[in-house]
Amino acid sequence: MASLQFTFLGSGTSMGVPTLGCHCAVCESTDPKDKRTRPSVLLQYNGRCVVIDTTPDFRSQALRERLDRLDAVLYTHGHADHILGLDDIRPYNLKQNAAIPVYGAQTTLDILQRQFPYVFSDTPTETSVPGVELHRIDAPFDLFGAQIIPVPAMHGSGPILGFRIGKVAYLTDFSMIPAASMDLLRGMDHLILDALRYTPHPTHSTIENSLALVSEFKPKQAWFTHMCHDLGHEETNAKLPENIRLSYDGLKFEVAL
Ligand SMILES: [Zn+2]
Ligand SMILES: [Zn+2]
Ligand SMILES: [Zn+2]
């Protein structure tokens, strides 16, 4: 039976933890699990390596995880903390001698083309530019022998996509999950949810809100992500139910696909 190895490349909010210039207890913590790079995950299955989002920390994340190949990128949305590492896929273009397929909603593909005009320009360049092949997501699709199910949600007033693969669902950067997506998230083995902090935020889920969602969706294991410096790793985990934990950079699990 095929298996999926799932790795948290980054588990932090857009500014990362520690946050520049901040000297709070979490930013000053010596616990490696309190060091959070920007949010992204790596899916390895059927000999392929797929990342969800390319953060500004993509290069250091890929070095840390010794990522030797990159077969596709799935984008959740076009915010800077999720896309700005796109330029760093170039070594994989060169090594694999191929463009890398990139999947996202049309709104996200539009943002990529606006933010990285040189990637999509037909004008010859004297330097290397990322080679990408854009694929619009508007329904579940097959990727290297596994079905990827998009899970639309709202991030404030903007749409984002979560992704479900087998019995794992990853949903970051959301504040509201529409009814049609709720059924896609029930009964997972692993459910990963945005939980920025305790206090409400206009575009992100909170610990309280995501706790309520876990009660509703009943995964075997839930992981929170996109945390800011309000949440110390050990201190927050101590207050959470046993099947819910804060994720951390480098966390891995394996599941049957
Ligand atoms: Zn984000
Ligand atoms: Zn801080
Ligand atoms: Zn965002």
Side-chain angles (χ1 to χ4, degrees), residues 1-18 29-76 80-104 112 116 119 127-133 135 143-146 148 162-170 172 189-190 192 221 223-227 233 245-257:
M1 197 170 188
S3 69
L4 164 70
Q5 167 134 310
F6 191 102
T7 303
F8 285 84
L9 294 176
S11 56
T13 188
S14 60
M15 294 183 199
V17 179
S29 163
T30 53
D31 181 350
K33 291 174 180 165
D34 281 324
K35 310 276 181 236
R36 304 181 184 123
T37 59
R38 268 59 73 85
S40 174
V41 296
L42 167 65
L43 314 174
Q44 290 171 288
Y45 64 97
N46 296 342
R48 305 290 193 155
C49 297
V50 177
V51 294
I52 301 183
D53 296 328
T54 53
T55 82
D57 298 311
F58 173 68
R59 180 174 177 277
S60 59
Q61 294 168 341
L63 282 171
R64 189 190 73 219
E65 298 300 331
R66 299 180 177 278
L67 189 65
D68 273 343
R69 57 179 298 119
L70 181 64
D71 295 288
V73 181
L74 309 180
Y75 281 110
T76 57
D81 54 325
H82 297 258
I83 66 170
L84 286 188
L86 176 62
D87 196 71
D88 286 325
I89 69 168
R90 288 174 298 146
Y92 300 110
N93 290 137
L94 295 172
K95 185 177 179 186
Q96 297 161 205
N97 195 26
I100 291 171
V102 160
Y103 294 81
L112 290 176
F116 297 93
V119 172
T127 61
S128 65
V129 299
V132 301
E133 217 177 66
H135 296 270
L143 187 63
F144 311 128
I148 307 286
F163 296 104
R164 178 176 155 185
I165 176 168
K167 292 275 216 147
V168 181
Y170 178 73
T172 186
D189 284 351
H190 292 267
I192 298 101
Q221 174 73 50
W223 304 100
F224 289 165
T225 191
H226 213 296
M227 284 86 60
H233 186 80
R245 285 290 170 265
L246 299 191
S247 65
Y248 54 89
D249 289 26
L251 170 67
K252 292 177 173 57
F253 60 78
E254 194 162 328
V255 284
L257 199 58

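Computation of the quantities below employed the complete heavy-atom set of this structure, encompassing side-chain atoms and omitting hydrogens, waters and symmetry-equivalent molecules. Residues take their numbers from the sequence shown, with the count starting at 1.
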Exercise. Can you measure from CD (Q96) to CZ (R69) and round to the nearest 0.5 angstrom?
Key: 4.5 Å
Self-check item: Inter-residue atom distance E65.CD - S60.OG, 0.5 Å rounding
Solution: 10.5 Å
What heavy-atom pair brings [X] and [Y] nearest, and what distance separates the two atoms?
{"X": "R90", "Y": "S128", "result": "NH1-OG, 3.0 Å"}
{"X": "Y75", "Y": "L86", "result": "OH-CD1, 3.5 Å"}
{"X": "E254", "Y": "S3", "result": "OE2-OG, 3.1 Å"}
{"X": "T37", "Y": "Q61", "result": "OG1-NE2, 2.9 Å"}
{"X": "T225", "Y": "G10", "result": "OG1-O, 4.1 Å"}
{"X": "C49", "Y": "Q44", "result": "SG-NE2, 3.7 Å"}

Quiz item: Can you tell if the side chain of I89 reaches within under 4.5 Å of the side chain of V132, non-hydrogen atoms only?
Solution: yes
Quiz item: So do the side chains of H233 and P32 get within less than 4.5 Å of each other, counting heavy atoms only?
Solution: no
With distance as the sole test, does [X] use its side chain to make a donor-acceptor pair with the main-chain N or O of [Y] at under 3.5 Å?
{"X": "D189", "Y": "K167", "answer": "no"}
{"X": "N93", "Y": "G131", "answer": "yes"}
{"X": "D71", "Y": "V50", "answer": "no"}
{"X": "R245", "Y": "W223", "answer": "no"}
{"X": "K35", "Y": "S29", "answer": "yes"}
{"X": "R64", "Y": "R66", "answer": "no"}
{"X": "D31", "Y": "K33", "answer": "yes"}
{"X": "S40", "Y": "I52", "answer": "yes"}
{"X": "D53", "Y": "T76", "answer": "yes"}
{"X": "T54", "Y": "I83", "answer": "yes"}

Practice problem: Go through the steps for Y103 and I148 under the test side-chain contact (heavy atoms from CB on, under 4.5 Å), then give the verdict. | Solution: CA-CA 11 Å; Y103 294 81; I148 307 286; over 6 Å; no
Quiz item: Centroid-to-centroid, F6 to H190, below 6.0 Å?
Solution: no
Quiz item: How about Y170 and F163: are their ring centres within less than 6.0 Å of each other?
Solution: no
Quiz item: Once the angle between the rings of Y45 and F144 is folded into 0 to 90°, is it parallel (under 30°), tilted (30 to 60°) or perpendicular (over 60°)?
Solution: tilted
Practice problem: Using a strict 4.0 Å threshold on nitrogen-to-oxygen distance, state whether D81 and R38 make a salt bridge. | Solution: no
Practice problem: Using a strict cut-off of less than 4.0 Å between a Lys/Arg side-chain nitrogen and an Asp/Glu carboxylate oxygen, indicate whether D34 and R36 qualify as a salt bridge. | Solution: yes
Practice problem: Would you check if there is a donor-acceptor pair between the side chains of S11 and D249 at a distance under 3.5 Å? | Solution: yes
Exercise. Give a yes or no on this: more than 12 heavy atoms of other residues, nucleotides or ligands lie within 6.0 Å of atom CZ of R59.
Key: no
Exercise. Test V168 against every option in I192, V41, L257, L43 by the side chain to side chain contact (heavy atoms under 4.5 Å, CB included) rule and name the one that passes.
Key: I192
